[in-house]
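A short worksheet on the structure shown next.
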Amino acid sequence: MAPNRIASPQKPGKPLKRAFFGRSVLEVAPDLIGATFLVDGVGGIIVELEAYHHTEPAAHSFNGPTARNQVMFGPPGFIYVYRSYGIHWCINFVCEKRGSASAVLIRALEPTHGLATMRRRRKLHDERLLCSGPGKLTEALAITHAQNGLPLDVPPIALYARTEKPAIVTGVRIGITKAVELPWRYGLKGSKFLSRPF
DNA sequence: TAGGCGATGGTCT
DNA sequence: GACCATCGCCTAC
């Protein structure tokens, strides 16, 4: 076992299809903890994410469709990428049904595939810091605006179901100023790869 | 170890 | 012109 790993990660399960995302974002979000997310074979296990829905003001879609957020208003199972603070890219998975404009923000991965590639891109050695934040993981996986609107079940994107139900913790979302009270942040209990403790 | 803060640019009002 | 779904460096303790 590698020194920084909390537990031997389970083998990835079956590929997740778009239909997986055609449910309430509050059902999809906890079900994604433990899933394996890869871009061009590089990535890891989802250990932290947040749910956003257009009925609450923290969501990009709250004020209706714009040029930036149009992917959120499309069908579920697609990737919405946006620029954060003018510096970082952040990745979301669109959920529910077309027009529902809900999505989950992927915040942290436990790196399992393509460690050397991620270390080179991040200019870091510490495995715990490679993907421990939304801006970090997009850098490690080389995700940019170029991936905006891509389907989650077609190469180069790959998403695999977990094979066991993990212990999940919840909390309030990070870095927002509106609807701060909603406990829509989900994490893998005890993971050392979170952006912040719960 | 925790907190302050600068970098940097798209989006919306 | 203000607002950010962030990060990492730098201090202070």
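So you know, we letter chains A, B, ... as the sequences are listed, proteins then strands, and number each from 1.
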Query raised in the report: Is the phosphate of dG10(B), meaning OP1 or OP2, less than 4.0 Å from a side-chain N or O of Ser84(A)?
Result: no
**Report entry** Closest to the Ile87(A) side chain, choosing from dG10(B), dA7(B), dT11(B)
**Finding:** dA7(B)
Query raised in the report: Rounded to the nearest Å, what distance is computed from the CG atom of residue Asn69(A) to the P atom of nucleotide dG10(B)?
Result: 17 Å
Query raised in the report: Planes under 30° and centres closer than 5.5 Å, is that true for Tyr85(A) with the base of dT8(B)?
Result: no
Query raised in the report: Does the side chain of Arg107(A) get closer than 4.0 angstrom to OP1 or OP2 of dT6(C) through an N or O atom?
Result: yes
Requested in this report: Specify the separation, in whole Å, of atom NZ of Lys178(A) and atom C1' of dA2(C).
Outcome: 11 Å
Report task. Answer with base, sugar-phosphate or nothing: what part of the nucleic acid does Arg196(A) contact at a heavy-atom distance below 4.0 Å? Result -> nothing
Query raised in the report: What is the nucleic acid contact for Ser195(A), judged by heavy atoms within less than 4.0 Å: base, sugar-phosphate only, or nothing?
Result: nothing
Report task. Answer with yes or no after comparing the ring centroid distance for Tyr80(A) and Phe78(A) against a 6.0 Å cut-off, counting only values under it. Result -> no
Requested in this report: Scan every strand shown for a Watson-Crick or G-U wobble partner of dG9(B), both distances under 3.5 Å, and answer none if you come up empty.
Outcome: dC4(C)
Query - Nearest to side-chain heavy atoms of Arg122(A), which nucleotide of dG8(C), dA5(C), dC12(B) - result: dG8(C)
Query - Atom-pair distance (OH on Tyr80(A); C1' on dT11(B)), nearest Å - result: 9 Å
Requested in this report: Mark yes or no for a side-chain to base donor-acceptor pair under 3.5 Å between Tyr82(A) and dA5(C), with no hydrogen or angle criteria applied.
Outcome: yes
Query - Residues from residues 49-63 of chain A lying under 4.0 Å of DNA chain C - heavy atoms - result: Tyr52(A), Ala58(A), His60(A)
Query raised in the report: Roughly how many Å is it from NE2 in His88(A) to P in dT6(C), rounded to a whole number?
Result: 8 Å
Query raised in the report: Are Thr66(A) and dC12(B) close enough that a side-chain N or O sits under 4.0 Å from OP1 or OP2?
Result: yes
Query raised in the report: Would you call Ser100(A) and His53(A) a side-chain contact if the rule is heavy atoms closer than 4.5 Å?
Result: yes
Query raised in the report: Arg68(A) near the nucleic acid: base, sugar-phosphate alone, or nothing, with a heavy-atom cut-off under 4.0 Å?
Result: sugar-phosphate
Query - is_close_aromatic(Tyr52(A), Phe62(A)), centroid dist under 6.0 Å - result: no
Report task. Write down the distance between CG (Leu194(A)) and C1' (dT6(C)), rounded to a whole number of angstrom. Result -> 17 Å
**Report entry** Integer-rounded Å distance: dT11(B) C1' and Met72(A) CE
**Finding:** 15 Å
Requested in this report: Give me the ring orientation class for Phe73(A) and His54(A): parallel if the planes are under 30° apart, tilted from 30 to 60°, perpendicular past 60°.
Outcome: tilted
Query - Distance, rounded to the nearest Å, where Asn92(A) contributes CG and dC4(C) contributes C1' - result: 14 Å
**Report entry** Gly135(A) backbone acceptor or donor facing Thr138(A) side chain under 3.5 Å
**Finding:** yes
Report task. Would you check if the side chain of Glu50(A) reaches a backbone N or O of Ile174(A) as a donor-acceptor pair within less than 3.5 Å? Result -> yes
Report task. Grab the CD-C1' distance between Gln70(A) and dT11(B) for me, whole Å please. Result -> 14 Å
Requested in this report: May I ask you to verify if any side-chain N or O of Lys136(A) is less than 4.0 angstrom from the OP1 or OP2 atom of dG8(C)?
Outcome: yes
Report summary line: Of Arg121(A), Arg119(A), Arg122(A), the one forming a salt bridge (charged side-chain N to carboxylate O under 4.0 Å, His left out) with Glu139(A) is Arg122(A)
Query raised in the report: Taking the six-membered ring of Phe198(A), is the NZ or CZ of Arg185(A) close enough (under 6.0 Å from the centre) and on axis enough (within 45°)?
Result: yes
Report task. Please tell me which of the listed nucleotides, dG10(B), dT6(C), dC4(C), lies nearest to the side chain of Pro134(A)? Result -> dT6(C)
